[in-house]
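First up is the structure itself, then whatever we jot down about it.
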2 protein chains.
Amino acid sequence: MSTSIHQVAERAGVSIATVSRAFNTPDAVHSDTRERIAQVARALRYAPNRSASTLRSRRSRTIGVVLPTLLNPVFAECFEGIAQASCEAGYAIVPYTTEYDLERERRAIAWLRERSVEGVVLTVANAANSPLLAEITRAKLPYVLLYNRHQERPCVSVDQTAAVQESVTYLHDLGHTRIAMATGSLDTSDRAQQRYDGYAQGMRALGLTPLAAAEQPFMHANTDALNALLLQAKRPTALICSNDLLAVRALRTARTMEIDVPRELSIVGFDGIALGAELTPSLTSISQPNAEIGRSGVELLLAGRTPKPRDSITLAHALRLGETVAARTSQSSA
Amino acid sequence: MSTSIHQVAERAGVSIATVSRAFNTPDAVHSDTRERIAQVARALRYAPNRSASTLRSRRSRTIGVVLPTLLNPVFAECFEGIAQASCEAGYAIVPYTTEYDLERERRAIAWLRERSVEGVVLTVANAANSPLLAEITRAKLPYVLLYNRHQERPCVSVDQTAAVQESVTYLHDLGHTRIAMATGSLDTSDRAQQRYDGYAQGMRALGLTPLAAAEQPFMHANTDALNALLLQAKRPTALICSNDLLAVRALRTARTMEIDVPRELSIVGFDGIALGAELTPSLTSISQPNAEIGRSGVELLLAGRTPKPRDSITLAHALRLGETVAARTSQSSA
DNA sequence: GCCAATAATGTAAACGTTTACATTGTGAGC
DNA sequence: GCTCACAATGTAAACGTTTACATTATTGGC
């Protein structure tokens with residue numbers, strides 16, 4: 001049986017209250033006593049029982065983490081940041097992945113409440129109509145949104161709209177004018193929507209007409225829309241993808257259609273997953289500081305008072321240059 | 001304040017014991033009563049307090065999950081399997097990543113003990129000398145190793161040695177004789193070692209002399225050893241990599257050296273990460289059922305009695321054919 | 001119609017902490 | 001030397017469950 005505070009107290013010749021204080025409010029106990037307790041605790045390999053502590057103090061020192069999936073490296077990278085930050089703060093994590101499934105998202109709240117998390121960092125498909133977010137708000141549980149960007153919510157994200165807009169300008173500077181965008185499902189994902197907005201604004205700012213997004217409904221989607229886009233006579237010479245996984249798929253689609261990247265088609269991804277830089281050709285991508293997003297989210301959540309919309313943090317994005325983008329050449333024009 | 005069992009009991013006109021039973025041993029309470037309690041509980045949005053339950057029953061319904069990193073998709077895929085299986089069993093997870101750092105591995109045990117996990121599923125660098133594994137054994141904590149393969153430990157894995165051996169044969173059948181292997185750090189990782197053994201055995205079985213492994217010490221390693229290997233006059237025509245991330249890097253190295261894959265060099269990875277199939281060229285890889293490994297590990301752990309070495313499970317691997325392997329041609333010979 | 005077995009519920013004592021409050025000892029200020 | 005403040009510690013009551021044990025119907029066998 002594992003050792004309890006009583007045995008430490010006895011061996012150290014003090015009451016259990018003093019042992020408890022030695023751990024939680026060290027200044028409240030005499031340094032000699034503290035030292036003695038520390039020694040006994042070490043000798044007995046005493047680890048305070050978290051459940052008892054939580055039960056009595058009503059502080060679980062646990063936060064919920066709800067992400068769509070860990071299979072997308074963006075979220076894996078983010079998760080590592082979250083885990084590291086919360087570990088440093090002595091907080092444990094209750095992870096939950098929704099797999100973009102509304103039913104699972106709905107079930108998350110019970111899972112989290114039951115484990116009495118003190119707060120939640122989460123990414124939802126759409127902040128405007130997320131059942132989970134509604135429940136969290138209703139339960140008055142402190143939370144921070146990651147990646148989602150919403151005026152009336154505390155968020156940690158990059159300015160996705162501006163980021164995509166910049167990349168449009170970048171491509172335009174390289175001579176591209178027929179620039180298209182591939183996204184996930186627009187009405188499911190607010191992020192995809194905001195990224196597309198950046199594209200549209202960027203195009204208009206340059207006096208160009210934005211094209212409709214080539215939407216690919218699901219994660220392992222067919223690439224019909226993209227195929228159609230690239231089959232046109234006057235096909236685009238540059239393609240911005242709303243995430244890196246889509247960009248990888250676009251790379252493959254182009255190869256299948258015998259379109260050379262980047263000579264005939266430039267591709268820009270979004271997310272800046274580490275693996276992108278290792279690919280051949282290496283992916284040009286609007287990179288987000290994923291681990292930092294997770295870390296900041298946790299820090300904001302644990303900062304003290306409940307995070308408010310005005311506490312939202314916008315982190316810096318950067319265009320990570322790779323080998324999938326080239327200046328427009330004569331070949332680019334079909 | 002969240003609602004407690006007392007309020008449910010009062011509203012349902014029963015004692016708290018009955019409410020408790022209604023949740024934990026439904027058969028022990030009358031169906032009418034059970035129904036009434038269920039209704040009240042729903043109305044009051046009652047969720048039993050896990051800490052109190054754990055404290056009293058000494059069952060935390062929580063398992064520890066220790067993996068090297070989630071940045072390698074192998075482990076992310078595995079983690080999803082773990083999460084799903086434990087969620088279904090009503091178990092929460094305490095995740096911990098070691099980042100291949102011994103100090104972090106050492107700290108894991110305290111982290112887990114403090115949260116009173118009932119068991120652990122884990123992957124260690126080397127099962128033969130892992131401080132964490134030693135501590136877990138010492139604490140008599142039930143555990144299951146994932147990916148690690150060890151006679152005297154309960155493990156869930158594929159037969160890596162056989163898998164690599166088969167891939168050697170496969171390449172040989174395609175005409176390759178100069179087959180090399182790239183690995184991570186051999187004396188750090190027992191998995192890399194076992195995979196290399198499979199290579200060596202495979203070569204000898206074919207009457208060929210195994211080459212020394214091109215070792216790449218760390219995750220973001222330099223590719224010096226690989227470069228040297230490929231710079232030789234009679235360079236290999238096929239390369240087996242001990243994991244997919246290495247294979248991706250090898251792909252890049254080859255491109256840098258203007259060696260065409262697969263015409264001049266065939267590449268086989270190990271792990272079967274989902275992304276590999278999306279790459280261009282798509283990665284030929286010895287694929288493991290990663291989610292299944294995680295899932296089986298959890299199921300074994302929660303099966304009842306403490307898992308024993310003889311409970312170890314070997315899952316099926318498969319050579320996932322991709323575009324990085326071709327039959328040996330005249331060009332293959334330098 | 002009585003007894004024993006069984007089903008359904010209640011009572012109350014844990015589980016291992018934290019923490020308000022009480023107690024003691026010590027030195028400073030007068 | 002008497003108070004007062006303060007530091008250090010102790011006492012004991014929670015926190016919200018589970019569960020051994022006790023109690024009270026209910027049923028069936030005789």
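The chains referred to below are lettered A, B, ... by the order of the sequence lines, with proteins before strands, and numbering in each begins at 1.
Going from atom CG of N24(B) over to atom C1' of dT19(D) covers 10 Å, rounded to whole Å. Rounded to whole Å, the distance from CD on E114(A) to P on dT17(D) is 11 Å. Protein atom CZ of R59(A) is 23 Å distant from nucleotide atom P of dA14(D), rounded to whole Å. Rounded to an integer number of Å, the gap from H30(A) NE2 to dC6(D) C1' is 15 Å. Atom pair L44(B):CG and dG16(D):C1' shows a separation of 15 Å (rounding to whole Å applied). Going from atom CD1 of I5(B) over to atom C1' of dT9(C) covers 14 Å, rounded to whole Å. Counting to the nearest Å, the P atom of dT9(D) and the CG atom of D32(A) are 9 Å from each other. If you measure from atom NE2 of H6(B) to atom P of dA12(C), you get 13 Å, rounded to the nearest angstrom.
Crowding of E103(A) atom CD: a count of heavy atoms from other residues, nucleotides or ligands under 6.0 Å exceeding 12.
Within 3.5 Å, no donor on the side chain of R50(B) pairs with an acceptor on the base of dG16(D), nor the reverse. Checked by distance alone, R56(B) brings a side-chain donor or acceptor within 3.5 Å of a matching partner on the base of dT18(D).
In this structure, S53(A) reaches the dT18(C) phosphate: one of its side-chain N or O atoms is under 4.0 Å from OP1 or OP2. For dC15(D), the OP1/OP2 oxygens have no side-chain nitrogen or oxygen of N49(B) closer than 4.0 Å. Put simply, S20(A) has no side-chain N or O that comes within less than 4.0 Å of OP1 or OP2 on dT17(C). Under 4.0 angstrom from either OP1 or OP2 of dG16(D) there lies at least one side-chain N or O belonging to R58(A).
Residue S15(A) is classed as a base contact, given a heavy-atom separation below 4.0 Å to a base. The residue F23(A) sits apart from the nucleic acid: no heavy atom pair falls under 4.0 Å.
Within the 3.5 Å criterion, the main-chain N or O of N49(B) finds no donor-acceptor partner in the side chain of S53(B).
The nucleotide whose nearest atom lies closest to any side-chain atom of T18(A) is, among dG10(D), dT19(D), dG16(C), dG10(D). Nearest nucleotide to the side chain of S57(B), out of dT17(C), dT18(D), dG10(C): dT18(D). Listed nucleotides: dT17(C), dT9(D), dT9(C). Nearest to the side chain of R21(B): dT9(C).
Below 30°, between 30° and 60°, or above 60°: for F23(B) and Y46(B) the angle between ring planes is above 60°, a perpendicular geometry. Using the six-membered ring where Trp is involved, F75(A) and Y147(A) have ring planes that are perpendicular, over 60° apart on the 30 and 60° scheme.
Annotation: of the two residues near DNA chain C, L55(B) and T33(B), the 5′-most nearest-nucleotide partner is T33(B).
One finds no salt bridge joining R61(A) and E114(B) here, because no Lys/Arg side-chain nitrogen approaches an Asp/Glu carboxylate oxygen to under 4.0 Å.
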